[in-house]
2 protein chains.
Amino acid sequence: MPIELTPSQALGLWHSVSLAQVRVDSRDLTLRQLAILLHIYLVPPPHTVRGLAATLGVTKPVITRALDTMGALGLVDRARDDRDRRNVVIKRTVEGALYLEKFGDLIIDQGRKQLK
Amino acid sequence: MPIELTPSQALGLWHSVSLAQVRVDSRDLTLRQLAILLHIYLVPPPHTVRGLAATLGVTKPVITRALDTMGALGLVDRARDDRDRRNVVIKRTVEGALYLEKFGDLIIDQGRKQLK
DNA sequence: CGCGAAAGAAACGCTTGCGTAACGATCCGC
DNA sequence: GCGGATCGTTACGCAAGCGTTTCTTTCGCG
């Protein structure tokens, strides 16, 4: 089943999801942070700071800071790579998985309401 | 045509859209700002600071600041309401409409790629 | 009038994010 | 085992966002 959206459906979906998310969660992640979080959980590991920076097209400190913030929120974790101790591998957490699961539900919910 | 998404489709769509948006636009709007912007353009006017604050479940200064920022970016405009000069009505701009149009295209694009 | 209520902005101190640049730790080829 | 390259973090000065509180303007009703 391909996803085919009209412009009004696309923006309407984004609108209702953003609104619902803002109401439900006072943590106001930036678009960058959200993109990083989703990337970590949806793309097969391993993930490194450098890799994420390249993927997002941003500098490394941006990734470090985002990981600091989301790490403090418990959404991700970090660990040194034992095979190359210069690297840091980014690890998923139960809390992060839960967060995205709820976010996914929210999208589906709003998508269902969008045109029924 | 109702929108029906699987969890993996929902998060996958958000992932690719966030990623593409981050790459394409260095303005890193917060989720709140995006929600406000979408609300202004998708819901029939008039829009006021107070109304937006109630809709988003945030305080009035949050809206004032968001409008300051997005106003400076040219995405929205403000004008006093002549019938009740305490009110400010929020106005759309050509640039803002264009911004959202491009954003909608991006969603549709990514949605199409998502499962083909 | 006059005065409280309402709307939005401005002020305050604080936190968080930014880009650039510098820094320690680690790897690797010679 | 040393010197340059690579990886992630930290430091710095700055801009932007936050919540709370305090104006300023305007309304509306007695």
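The closest donor-acceptor contact from the side chain of A:R32 to the backbone of A:I63 lies at 3.5 Å or more, if one exists at all.
The CG atom of A:L75 sits 6.5 Å away from the OH atom of A:Y41 when rounded to the nearest 0.5 Å. The CG atom of B:D68 sits 10.0 Å away from the CE atom of B:M70 when rounded to the nearest 0.5 Å.
Note: CG (B:D82) to C1' (C:dA7) measures 15 Å, nearest angstrom. For B:L56 and D:dC18, the CG to P distance is 10 Å, given to the nearest whole Å. Atom CG in A:D77 sits roughly 15 Å away from atom P in D:dG8 (whole-Å rounding). Whole-Å rounding puts the B:D81 CG to D:dC27 P distance at 9 Å. If you take CD1 of A:I90 and P of D:dT9, they are 8 Å apart, rounded to a whole angstrom. We find that CG of B:L31 is positioned 18 Å from P of C:dT16, with the value rounded to whole Å. Between B:D68 atom CG and D:dA15 atom C1' the separation is 14 Å, expressed in whole Å. With rounding to whole Å, A:L67 atom CG is found 16 Å from C:dT16 atom P.
Between D:dG17 and B:Q33, a contact under 4.0 Å exists linking OP1 or OP2 to a side-chain N or O. Under 4.0 angstrom from either OP1 or OP2 of D:dC18 there lies no side-chain N or O belonging to B:T59. Between B:R86 and D:dC27, a side-chain N or O to OP1/OP2 separation shorter than 4.0 Å is absent. For A:R80, no side-chain nitrogen or oxygen approaches OP1 or OP2 of D:dT9 to under 4.0 Å. Taking only side-chain nitrogens and oxygens, B:T69 never comes nearer than 4.0 Å to OP1 or OP2 of D:dA16. At D:dT9, one or more side-chain N or O atoms of A:R78 fall inside 4.0 Å of OP1 or OP2 (strictly under the cut-off).
Listed candidates were D:dC27, D:dC18, D:dT9. Nearest to the side chain of A:V88 is D:dT9. Checking C:dA9, D:dC18, C:dG19 against the side-chain heavy atoms of B:T64 singles out C:dA9 as nearest.
Contact annotation for A:R27: no contact, since no heavy-atom pair falls under 4.0 Å across all strands. The residue B:T30 sits apart from the nucleic acid: no heavy atom pair falls under 4.0 Å. In this structure, A:R65 reaches the bases: a heavy-atom distance under 4.0 Å links it to at least one base atom across the strands shown.
Mapping A:N87 and A:P61 onto DNA chain D by nearest heavy atom places A:N87 closer to the 5' end of the strand. Looking at which nucleotide of DNA chain C each of A:V58 and A:R85 is closest to, the 5′-most match is held by A:V58. Take the nearest nucleotide of DNA chain D for A:R50 and for B:R32: the residue whose nucleotide is more 5' is A:R50. Summary of the strand contacts: A:D84 and B:V49 both lie near DNA chain C, and taking for each the nucleotide with the nearest heavy atom, the more 5' one is attributed to B:V49.
When hydrophobic clusters are built by joining Ile, Leu, Val, Met, Phe, Trp and Tyr residues whose side-chain heavy atoms come closer than 4.5 Å, directly or via intermediates, B:L106 is grouped together with B:L34.
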**Request:** Please lay out, stage by stage, how B:R78 and B:T64 fare under the test side chain to side chain contact (heavy atoms under 4.5 Å, CB included).
**Result:** CA-CA 10 Å; B:R78 276 188 275 201; B:T64 295; 4.1 Å; yes

**Message:** Go through it in stages, so that I can follow the logic: the residues are A:K102 and A:D109, the test is salt bridge (Lys or Arg N to Asp or Glu O under 4.0 Å), and I'd like the CA-CA distance, side-chain angles, deciding distance and then a yes or no.
**Reply:** CA-CA 10 Å; A:K102 281 195 287 183; A:D109 257 27; over 6 Å; no

